[in-house]
Number of protein chains: 2
Amino acid sequence: MKTRDKLLAAAADALAAEGVSAISGRSIAARAGVNQALVFYHFESVADLLAAAVRWSVDESVADYRRRLADVSTLSELLALGDTLQAVERDRGNVAQMAQVMAGAQQEPRLAEAARYAIDAWAAEVEAVIARVLETSPLGGLLDAAGAARAVTAAFIGLQLYEGVDPAGARSATDALRVLGVVAETVDGLGPVATRALRARVRRKVTRAGRA
Amino acid sequence: MKTRDKLLAAAADALAAEGVSAISGRSIAARAGVNQALVFYHFESVADLLAAAVRWSVDESVADYRRRLADVSTLSELLALGDTLQAVERDRGNVAQMAQVMAGAQQEPRLAEAARYAIDAWAAEVEAVIARVLETSPLGGLLDAAGAARAVTAAFIGLQLYEGVDPAGARSATDALRVLGVVAETVDGLGPVATRALRARVRRKVTRAGRA
DNA sequence: GTCTATACATAGATAGAC
DNA sequence: GTCTATCTATGTATAGAC
């Protein structure tokens with residue numbers, strides 16, 4: 001493994017483990033087992049290294065899920081996969097890493113760009129699936145797949161931060177969301193008559209709200 | 001205004017404006033217009049000051065909303081109030097502040113405690129309202145109000161972080177959530193027959209999932 | 001309670017030998 | 001590409017005068 005890659009991997013790890021507020025070029029180098037000065041040989045600055053690490057690690061994990069997401073075409077399948085995806089990515093520290101990057105990004109343009117890249121990468125995958133699922137759903141034509149994908153991604157990040165602060169509370173939150181998923185699934189499985197009625201009602205309300 | 005209060009206010013501001021990674025005792029003191037050494041006279045450490053600032057500012061904003069939340073008893077009212085609450089708190093920087101605290105809390109026990117306090121304070125208010133709304137809802141008895149309140153709070157925080165990184169994307173996410181709110185409202189307004197049917201179906205699925 | 005001054009640690013970043 | 005050494009800035013925290 002080349003030094004540059006060691007640094008990228010170490011930076012990704014350090015983000016999840018130490019958080020943006022505690023991270024430093026020195027701590028990353030130590031974690032990578034390389035000399036501190038090499039950070040500035042291989043990258044312009046610490047922020048630059050962090051940004052590169054985010055892109056690198058998001059590319060990896062998204063690619064990992066691309067195939068599995070491609071197989072999903074129903075809401076039940078999506079919810080099930082989302083459940084395991086959330087657990088796996090959380091354990092890998094990828095969600096925590098994203099949360100830290102986004103927190104740091106509020107002031108560091110380089111990190112903001114990397115965060116945007118990461119969310120776009122995840123959201124693009126999720127969006128494709130949601131769009132497919134929406135085709136047969138009462139919500140088809142009402143709910144914007146791109147927006148929904150982004151909402152899901154952002155919510156994951158909020159939940160991850162919450163988990164670091166109050167694991168029990170976060171679990172209760174996740175359980176509640178799971179119930180809502182089942183409700184959505186049920187509504188989704190209504191017959192064509194109920195579906196049409198629901199869709200008409202919602203459309204009426206949304207239009208009214210849009211005018212206000 | 002006493003120096004201690006100036007520091008608390010400045011710390012709260014600084015959290016939203018600078019973020020945990022950039023904040024320092026010096027920057028807070030400068031913002032408060034007081035001498036840097038006073039941070040350590042009035043507080044044990046910077047982390048201690050930040051934690052106190054979070055409690056102080058969350059107490060203020062929650063009290064502000066307590067009365068208005070107490071008036072809410074239907075889902076439509078809740079969604080409407082949630083909309084304005086989100087906008088107002090965001091503009092005040094309170095959500096950004098929370099997001100930063102939670103990011104920093106992953107490594108700083110003092111901040112974690114303060115973050116827990118803040119979320120509990122918000123969630124307690126929201127929970128009471130949700131419980132009231134759930135009474136007449138198809139979801140009554142199925143959805144845990146405490147968990148739902150925490151999920152909403154966490155999602156707000158994730159969305160706030162996202163907004164700092166990609167305002168347009170965050171808007172599309174919020175719009176999608178708004179549509180889902182309308183859907184929930186519609187489902188909520190179904191007749192008693194449909195309600196009973198939906199509840200039975202969901203309960204069956206939840207039980208099955210719980211056994212798995 | 002507030003100020004100046006300062007000790008001390010750690011950070012980002014660079015120069016120059018190897 | 002990698003190392004040692006080092007400059008410089010900034011941060012936390014304290015001592016002691018006012």
Side-chain angles (χ1 to χ4, degrees), chain A residues 1-54 56 97 100-101 103-114, chain B residues 1-54 56 97 100-101 103-114:
Chain A
M1 204 176 185
K2 296 284 180 198
T3 295
R4 203 189 128 92
D5 293 335
K6 280 192 209 162
L7 282 170
L8 286 171
D13 282 0
L15 267 176
E18 301 169 22
V20 256
S21 53
I23 216 169
S24 74
R26 293 182 130 97
S27 75
I28 296 171
R31 198 175 278 268
V34 307
N35 189 282
Q36 174 262 146
L38 293 174
V39 167
F40 304 94
Y41 174 78
H42 290 283
F43 302 91
E44 278 189 13
S45 64
V46 176
D48 187 50
L49 163 55
L50 291 177
V54 169
W56 178 79
Q97 179 189 311
Q100 291 296 324
V101 172
Q106 310 293 318
Q107 276 297 99
E108 201 77 40
R110 281 185 132 92
L111 286 187
E113 209 182 330
Chain B
M1 206 175 185
K2 297 285 181 199
T3 295
R4 204 189 127 93
D5 292 335
K6 279 192 211 163
L7 283 170
L8 287 171
D13 282 1
L15 267 176
E18 300 169 22
V20 257
S21 54
I23 215 168
S24 75
R26 290 184 130 95
S27 74
I28 296 171
R31 198 175 278 267
V34 306
N35 190 282
Q36 173 264 146
L38 293 174
V39 167
F40 304 95
Y41 173 78
H42 289 284
F43 302 91
E44 279 188 12
S45 63
V46 175
D48 187 50
L49 163 55
L50 290 177
V54 170
W56 178 78
Q97 178 189 311
Q100 291 296 323
V101 172
Q106 311 292 320
Q107 276 297 99
E108 200 76 38
R110 281 183 131 93
L111 286 187
E113 209 183 329

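In what follows, every heavy atom counts, from backbone to side chain, and hydrogens, waters and symmetry copies are set aside. Residue numbering restarts at 1 for every chain, and letters A, B, ... go by the order of the sequence lines.
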Under 3.5 Å donor-acceptor, Gln100(A) side chain and Val20(A) backbone: yes
Leu7(A) versus Leu49(A), closest heavy-atom pair with distance: O-CD1, 3.9 Å
Gap between atoms CD and P, on Glu108(A) and dG12(C) respectively (whole Å): 11 Å
Distance-minimising heavy-atom pair for Ala114(B) and Val54(B): O-CG1, 4.0 Å
Heavy-atom pair of closest approach, residues Ile28(A) and Ala10(A): O-CB, 3.6 Å
Nucleic acid contacts - residues 14-26 of chain B versus DNA chain D, non-hydrogen atoms under 4.0 Å: Ser24(B), Gly25(B), Arg26(B)
Shortest non-hydrogen contact from Met1(A) toward Ala9(A): CE-CB, 4.1 Å
Closest contact, heavy atoms only, Ala14(A) versus Ile23(A): CB-CD1, 3.6 Å
Any residue of residues 33-41 of chain B with a heavy atom less than 4.0 Å from an atom of DNA chain D: Gln36(B), Ala37(B), Phe40(B)
Between Ser21(A) and Gln107(B): side-chain donor-acceptor atoms closer than 3.5 Å: no
Leading and trailing nucleotides of DNA chain D with any atom under 4.0 Å from heavy atoms of chain A: dG1(D) to dT6(D)
Pairwise side-chain contact, Phe40(B) with Val46(B), heavy-atom cut-off 4.5 Å (strictly under): yes
Carboxylate-amine/guanidinium contact Arg31(A) Asp13(A), below 4.0 Å: no
Any side-chain heavy-atom pair of Glu18(B) and Gln106(A) under 4.5 Å: no
